[in-house]
Amino acid sequence: MSWGTNVLVGQSGGPTAVINSSLAGVYEAAKALGAAHVYGMEYGIQGLLQGKIVDLDDRLDDKMEIELLKRTPSSYLGSCRFKLPNPATDERPFVQLFELFAKYCIGAVFYIGGNDSMDTIAKLSAYGAAKGSEIRFIGVPKTIDNDLMYTDHTPGYGSAAKYIATILKEVICDSSVYNIRSVTVAEIMGRHTGWLAGAASLAAGADCNGPDIILLPERPFDENVFLEKVAQLEKDRHNVIIAASEGVKNKDGVFLCDLVSTAGQLDAFGHKAILSGTSRYLADLIHVRLGCKTRAIEFSTLQRCASHLASRTDITEAYQVGGASVEAAYRGETGKMCAIRRISDMPYRTETEMVDVQKVANLEKHVPDDWISPDGMHVTEAFHHYARPLIQAELTPIYIDGVPRHLHLH
């Protein structure tokens with residue numbers, strides 16, 4: 001089966017260190033399967049509605065550019081957080097989009113993103129089916145949060161996990177410089193799920209104990225129990241290291257960051273746009289209540305843009321899901337997301353499969369209960385077995401004049 005003429009690809013939501021590897025996978029597979037043109041949405045669906053379209057054939061015309069693209073952080077095409085309305089209440093953007101699809105002779109649309117991007121693909125595919133359109137709509141997964149349903153993990157997570165484990169290990173080394181007792185609190189991304197915070201445990205090894213406490217959003221924060229644990233640890237060792245998810249809430253459901261910040265802005269999907277301050281809250285709490293030296297560190301956006309610390313496994317899988325998504329569309333599938341299915345841990349092996357995007361959109365996958373320690377302040381060995389393979393190997397950046405070379409649209 002052929003899609004006839006052209007395909008369209010966009011990127012949405014927060015970027016990752018490997019989101020452009022998926023774009024490279026889409027582009028190369030589409031060209032290999034006969035697409036005349038591969039067009040890119042600039043700034044996602046929102047940019048597309050403004051007529052911002054670029055012909056990627058003019059930009060990615062040799063292998064070196066593809067290799068640079070794989071090693072380039074952020075979203076090459078730009079991104080957005082734009083929620084399509086229910087077409088039953090507002091059909092206008094759908095009419096406009098399908099007119100653009102017709103204008104550019106689009107046979108397949110690929111959207112690289114997370115939960116909210118799958119919502120976009122779900123709505124477009126349902127609308128297209130209702131109108132009798134033959135255009136195929138496929139979601140290509142990405143998110144450092146690793147919270148997409150029906151996939152073992154998401155491209156982007158492995159590289160973020162590798163960064164977190166690496167930097168936290170270096171922070172642990174730094175914390176031991178002075179002969180004083182101290183507590184260091186590292187704040188890690190994760191609005192509602194603890195996959196990223198759990199990755200801090202991967203810092204542990206023969207030369208490092210790793211974090212002493214890991215706080216995940218899956219467990220409510222109990223101030224008294226927490227302080228009791230920190231006090232005991234502080235007596236037993238020179239330095240205490242805590243990894244805390246930015247999305248930790250207390251037993252009343254209040255974000256700890258809101259106790260030191262009034263950042264209540266919401267994005268188009270109703271999510272808190274800014275979560276920051278959890279580490280400062282915890283560091284201040286420990287200092288005031290226990291009287292010891294504390295330090296707060298926010299890893300912030302570095303977790304998603306550190307392509308120099310990307311996992312080669314992650315880069316490879318990101319490329320694979322891009323290509324597999326195109327192959328699925330070529331076979332005639334639509335309304336699907338390309339998922340990763342783990343076949344084995346030792347040796348680590350996976351394969352791609354297509355799942356119904358309607359089952360994925362707007363849902364979140366949490367860290368399993370039995371992967372969290374009984375006291376709720378660490379992760380178990382099962383988490384390590386799951387996450388460790390995802391951070392393996394490296395892909396060295398292409399350095400020019402001492403710094404990595406990246407590819408830019410503008």
[X], [atom1]: over 12 other non-hydrogen atoms inside 6.0 angstrom:
X	atom1	result
R237	CZ	yes
E228	CD	no
Y43	OH	no
Y348	OH	yes
E223	CD	yes
R405	CZ	no
D174	CG	yes
H406	NE2	yes

Given side chains that start at C-beta, do those of [X] and [Y] come closer than 4.5 Å, heavy atoms only?
X	Y	value
S311	Q392	no
F82	L49	yes
K336	F137	no

Testing the basics here: between [X] and [Y], what is the closest heavy-atom pair and its distance to 0.1 Å?
X	Y	answer
P85	D90	CG-O, 3.6 Å
G247	P217	O-CB, 3.7 Å
L77	M41	CB-O, 3.4 Å
L148	P141	CD1-CB, 3.6 Å

Can you check whether [Y]'s main-chain N or O pairs, donor with acceptor, with [X]'s side chain at less than 3.5 Å?
X	Y	result
H378	I214	no
S159	G156	no
S22	G322	no
R219	L215	no
E333	A328	no

**Message:** Which label fits Y386 and W371: parallel for a plane angle under 30°, tilted from 30 to 60°, or perpendicular past 60°?
**Reply:**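 Answer is tilted, since the angle falls between 30° and 60°.
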
**Prompt:** Step by step, would you call E364 with R191 a salt bridge (Lys or Arg N to Asp or Glu O under 4.0 Å)?
**Reply:** CA-CA 11 Å; E364 289 178 321; R191 182 187 294 121; 5.3 Å; no

Ignoring hydrogens and geometry beyond distance, is a side-chain donor-acceptor pair present between [X] and [Y] at under 3.5 Å?
X	Y	answer
D147	T193	no
Y319	N20	no
H238	S176	no
D119	N362	yes
H192	E218	no

**Message:** Aromatic contact between F98 and Y127, with the criterion being ring centroids under 6.0 Å apart: yes or no?
**Reply:** yes

[atom1]-[atom2] distance between [X] and [Y], expressed to the nearest 0.5 angstrom:
X	Y	atom1	atom2	value
E381	S373	CD	OG	12.5 Å
M346	H385	CE	NE2	9.0 Å
M189	L302	CE	CG	8.5 Å
I398	L407	CD1	CG	10.0 Å

Using a strict 4.0 Å threshold on nitrogen-to-oxygen distance, state whether [X] and [Y] make a salt bridge.
X	Y	answer
E28	K63	yes
K31	D57	yes
K169	D207	yes
K83	D116	no
R289	D284	no
E91	K131	yes
E298	R280	yes

**Prompt:** Should S201 and H384 be marked as a side-chain hydrogen bond (donor to acceptor under 3.5 Å, both in side chains) after you check the CA-CA gap, both sets of side-chain angles, and the distance that decides it?
**Reply:** CA-CA 7 Å; S201 67; H384 300 161; 3.1 Å; yes

**Prompt:** For the side chain to side chain donor-acceptor pair (under 3.5 Å) test, which of K365, R341, R342 pairs with D152?
**Reply:** R342

**Message:** Please evaluate residues H37 and D55 with respect to the criterion side-chain hydrogen bond (donor to acceptor under 3.5 Å, both in side chains), reporting the C-alpha separation (whole Å), side-chain torsions for both, the decisive distance (0.1 Å), and the verdict.
**Reply:** CA-CA 7 Å; H37 290 276; D55 191 336; 2.9 Å; yes

**Message:** Among L23, V9, V38, L8, which residue satisfies the side-chain contact (heavy atoms from CB on, under 4.5 Å) criterion with F110?
**Reply:** V9

